[in-house]
Amino acid sequence: MSVESSLVVDNSLQSNGNIQQTVLRGVQTSLLSMYIPSKPFTCLDGSLTIPFEFVNDDYCDCQDGSDEPGTSACPNGQFFCENKGYFGTLIPSHFVGDGVCDCCDGSDEYETTIVCNNTCFELAQKFQASRDAQRALHAAGVEKKKQILASTTTNKSGRQFSQKYLDELEQDLKILEKELKEKEELKRQAEILENAAKEKHKKLCEEKRTMQDVSLRNNQMHEMFADLDSNGDSLISIDELQKHTELDTNQQNEFTIEEVRSILGSDSVNLNEFNTTIFDQISNSYRQLPEPTRPTPEPTPLPEPSIDSMTTQSPSLETFIDEEDLITHTRSSYKYEDEDDYEEDHHRESKTLATSIEHEKHIHDSVAPEYDDETKKLMEIAEEARNRYHEIGEKFLSIKHQIEDLKKQSTVDAGPHDEYSPIIDQCFDYEEREYTYRICMFKTAKQISKGGGSEVIIGYWDSWCGPKDNKYLKMKYSNGATCWNGPPRSLIVTLQCGIEQKLTDVREPSRCEYTITFETPLACDENIATTSLHSDHVEF
Ligand code: MAN
C-alpha cells in the first residue's frame, strides 16, 4: 500500500478525534486471528482459556497480559498502535489512556478527552523525505565508491593486483637473497684479509714498542750509572751511592754505610751488576743531584713519537729507534738550566726515571697506529664490501617488509565484497580541542595530545562488531593503553555512507571507551541507492 492510500482514515470510526474500537482494540494485525469474538479466548501463552467477554474488560486474566491489549489493566501488556499510513508500533499498555498521545493515530487515548491529532501522514512524509535523501546520498556515494575501487585496481598496492605484485616481489626477493649471500661471502673474505693484515700490523707495532721500551730502559740505566759514578772508575762505590740520601728507606736516621751496602750487595758494582740488580730497585726513588757548576745544554723538548715512527715508513726495526736521540731526550727531561730552577722546581725536577719511562710508554700507547699502505688498501676493500653488503641488505629488508605487509593485508577481512581494501593502512585524523584522533584503518587508533604531543594507543585493530545482520557496520579497535585504574582503551568505529572520507563525532561515552563515526563512500550501499527507484512510495 502506498503512503497516500494507507493514510486514508475511516471517519466512521472516529469520535472526538480518537479512534473508537471496542473488542479488538490494541491487537497486532498479525495476531487478529487469535481473537475471535464468537469463541472463548485462550491466553497467547496457552496458560488459560476465558470467555471472550473477558478480553479488554479492564481486568487482567492472562499472565502474559494478552487478554488486555487495549487497556492498561496488565502491567506487562502491549498495545498496538495501528498508525494507518505510517508504521504500526507496540507501546506498553500502561501508556493507554495516560493523557499523552503516544500513537501517531491517537488510538492510545480513545478513552480520554485529550484530542490527539493524527500525525501519521506528516511522519510518513518526513520518513519518505529522509529516505529519499539517503537514497540520493547512497547513489552519489556508490558512484564515488566505484571510482575508488576502480583506481585501486589500477594501483599496484591494491589487493586486486596484490597477488601478481606479490609474485613479482617474491621473485625480486629471491634474486636479492642470492646477491646478498654473494656479497656476504665477499665481505667475509675481505674481512679475513683485513683482519690478518691488521693483526700483523698490531704485532709489528707491539714488537717495535717492546724494543723501544728496552732501549729506553737501557739508556736510562747507562745515564744513571754515569751519573752515580762521579769518579769515572766504571764502578759505583758505597760513598758514591751514599750521597743519594733519597734512597734511604729509613729517613729518620742517617744513610749508613751498612744501608748503602745492603742496596749494592757489596762494596761496589760494575755496570753489568748495576743493570741486573740495582737499577730497577732504585730507579723509582733515585733523583739526580744538582750540578751547579756544570753547564747544561738548552733543554730539548721531548718529542711526541710521531705516527710516522710507528708505521712501515720506517724501513726496519733496527733503524726505527734512534738511540742517540733517546739519550738526549731523557737527559733533558730531568735537567734544568740552573740551580735556582732546580730548587724552585724540585718537585717537578724530582720526576723519577721510572715515571719517565712510564710516560714514554703512555705516549706510545696513546698514539693510534697508522696502518701501512697494504693494510689500508685491504681495509678499504673490506669497507667497500661491507657497504655493498649493507646496501643489498637494506633493499632485501625493504622488499621483505613489503611482502609481509601485502600478505598481512590479504588476510584482513575488508568487507563482504572486499570494498574496504582501499583504506587498509590508510590513516585519518579527527581534530578535537584537546586531541587529534588518528585511525590507521585495520591497524591502530591513537589519541594524540595537542598540548604535550604525547601519543596514546586507544586500540589495535580487532574485528568487525556490527549487529548480527550488519556485522560490517562497526569496527572494533581494542587492547589500547591501559587507563589509570581502568580498562585498556578501546574504540568502536561506526561506518556511514558519505561522499568524502572523514572521521566525525568522536565521543568517550564511558571512560577510555571511545566511539567515532567514519564517513566513506565505501560504506554506501547500492541496494539503498536503488530501493525506491522501482516504487515512488514506501509501503507501510
Ligand atoms: C587521558 C585521555 C582521556 C582518558 C583519561 C583517563 O586523559 O586518554 O581520554 O579519559 O586519560 O585517565
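Quantities reported herein were computed from a predicted structural model and do not represent experimental measurements. We count ligands from 1, going down the list as the structure has it; atoms in each ligand are counted the same way.
Pairing of Cys81 with Cys104 by a disulfide is not supported, the SG atoms lying 2.5 Å or further apart. If you check the gamma sulfurs of Cys74 and Cys62, they are not less than 2.5 Å from each other.
Of the listed residues (Gln447, Glu508, Arg511), the one carrying the non-hydrogen atom nearest atom 8 (O) of ligand 1 is Gln447.
Remark: side-chain polar atoms of Thr444 are not paired, donor with acceptor, to backbone N or O of Cys440 under 3.5 angstrom.
Listed by atom number, the atoms of ligand 1 under 4.0 Å from Tyr514 heavy atoms are 2 (C), 3 (C), 4 (C), 8 (O), 9 (O). Close contacts of ligand 1 with Cys483, meaning ligand atoms under 4.0 Å from a residue heavy atom, involve 6 (C).
One side chain, Thr112 or Glu109, offers a donor N or O that lies under 3.5 Å from an acceptor on the other.
The single protein non-hydrogen atom nearest to atom 7 (O) of ligand 1 is Tyr435 OH, 3.2 Å, given as residue, atom name and distance.
The shortest N or O to N or O distance between Arg489 and ligand 1 is below 3.5 Å.
Around OH of Tyr430, the count of heavy atoms belonging to other residues, nucleotides or ligands within 6.0 Å exceeds 12.
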